[in-house]
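Worth knowing before you read on, the calculation uses all heavy atoms, side chains too, and leaves out hydrogens, waters and symmetry mates.
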Amino acid sequence: MEYSFIFIVTIFLIGFIGSFVSGMVGIGGSIIKYPMLLYLPSLVGLTAFTAHEVAGISAVQVLFATIGGVWAYRKGGYLNKTLIIYMGISILLGSFIGGYGSQFMTNGGVNLVYGLLATIAAIMMFMPKKGIDDIPLEQVTFNKWVASFLAFLVGIGAGIVGAAGAFILVPIMLLVLKIPTRMTIATSLAITFISSIGATTGKLMTGQVLFIPALIMIIASLIASPLGAHLGKKVNTKILQWILAILIFGTAIKIWLDIVS
């Protein structure tokens, strides 16, 4: 693959835009960067990535994108340590299984898993979530077994597509576990970081990572993710939920159109 100036700029912009939004709404950014990496290079005359290559690049990039977001949210009581432990351990195991096992899947199979995850997440994001932001942060409770089981399932799917799973973790935490929005955003970033360790390890062990594009995305992520997180603290929580819902819904439609065409 030829790494021209246009290639470097294109990959950097994809990483910057995706990471800025990821820091703002509490996702690893793959919900945005997966389709951008899949479709944009060919639109500007560059060689298109395969689904496996996109998943590998995304897995490594998310590992670094979430570090900046978690660091920005480290103060203020938004990180729920108990939730991070229970969901983090489960999603780490699931993401490694998915990341390693994805080598046995076709490109179409990887895209199908992504389409299913995005569709489920979109439906959940548009469902009403009443009263969750009225709960004081110190009084937040959740079912530990349900949280662990759902995190494991999300980890498997997320590991396959190299997306650490925050785009479906966020609606699960909001709708099923009833976690307040800002705590969900901060805590999901920490859980996503743990998930990306498993996914990245599985992708690296099976040779699915292109290192130069991944490095460019990492640099963009470290710059943009903290900027997005700082803006996310100032934006109305309802607006954040709608931004995430629209992004997920639009991506799901595009992926399904490609699958059935």
Side-chain angles (χ1 to χ4, degrees), residues 8-37 40 57-81 83-84 87-88 91-92 95 133 137 158 162-171 173-174 179-200 209 211-248 251:
I8 294 172
V9 171
T10 301
I11 302 304
F12 182 86
L13 288 176
I14 291 172
F16 189 94
I17 294 169
S19 297
F20 183 85
V21 176
S22 78
M24 186 169 67
V25 300
I27 59 175
S30 290
I31 186 65
I32 308 157
K33 280 169 278 195
Y34 187 97
M36 289 175 74
L37 282 169
L40 287 187
I57 295 169
S58 297
V60 176
Q61 181 275 325
V62 169
L63 179 66
F64 288 87
T66 49
I67 294 174
V70 173
W71 184 256
Y73 277 107
R74 70 191 185 281
K75 298 179 181 179
Y78 295 121
L79 293 169
N80 188 311
K81 295 181 177 60
L83 192 57
I84 292 171
M87 296 191 81
I91 204 168
L92 177 62
S95 63
D133 289 323
L137 297 182
F167 65 94
I168 193 167
L169 273 180
V170 168
M173 292 168 71
L174 291 171
I179 308 297
T181 303
R182 293 200 191 282
M183 179 175 282
T184 290
I185 290 172
T187 303
S188 70
L189 281 169
I191 298 169
T192 298
F193 169 70
I194 296 171
S195 172
S196 64
I197 295 173
T200 299
V209 178
F211 290 100
I212 299 300
L215 178 61
I216 296 171
M217 296 281 282
I218 288 168
I219 294 171
S221 299
L222 293 176
I223 297 171
S225 185
L227 296 176
H230 283 298
L231 179 62
K233 292 179 181 179
K234 302 175 183 178
V235 178
N236 183 281
T237 56
K238 295 297 182 184
I239 295 176
L240 292 177
Q241 289 182 26
W242 275 102
I243 290 174
L244 182 56
I246 292 169
L247 288 172
I248 293 173
T251 302

### Task
In sequence, state the C-alpha distance, the side-chain angles, and the governing distance for L231 and L227, and then conclude on side-chain contact (heavy atoms from CB on, under 4.5 Å).
CA-CA 6 Å; L231 179 62; L227 296 176; over 6 Å; no

### Query
In Å, rounded to the nearest 0.5 Å, how long is the span from CD1 of I179 to CE of M173?
6.0 Å

### Query
Would you say M87 and I91 make side-chain contact, with heavy atoms under 4.5 Å?
no

### Task
Look only at the side chain of S188 and the backbone of V170, and say whether a donor-acceptor pair between them is shorter than 3.5 Å.
no

### Task
Could you tell me which non-hydrogen atom of I84 sits nearest to which non-hydrogen atom of A190, and how far apart they are?
CD1-CB, 3.6 Å

#### Entry: Inter-residue atom distance I194.CD1 - I197.CD1, 0.5 Å rounding
6.5 Å

### Message
Rounded to the nearest 0.5 Å, what separates atom CZ in F16 from atom CG in L222?
### Response
12.0 Å

### Query
How long is the gap from CD1 on I11 to CG on L215, to the nearest 0.5 Å?
12.0 Å

## Note on the structure
Closest non-hydrogen atoms of I219 and F12, given as atom of the first, atom of the second and distance, are CG2-CE1, 4.2 Å

### Query
Hey, what do you get for CE (M217) to CD1 (I57), rounding to the nearest 0.5 Å?
7.0 Å

### Query
Is there a donor-acceptor pair closer than 3.5 Å between any side-chain N or O of S95 and the backbone N or O of L92?
yes

## Note on the structure
Between I191 and L83 the two heavy atoms that sit nearest each other are CD1-O, 4.1 Å

### Query
Looking at CG of L37 and CD1 of I14, how far apart are the two atoms once the value is rounded to the nearest 0.5 Å?
4.5 Å

### Task
Taking all heavy atoms of G15 and all of A220, pick out the closest pair and write down the distance.
C-CB, 3.7 Å

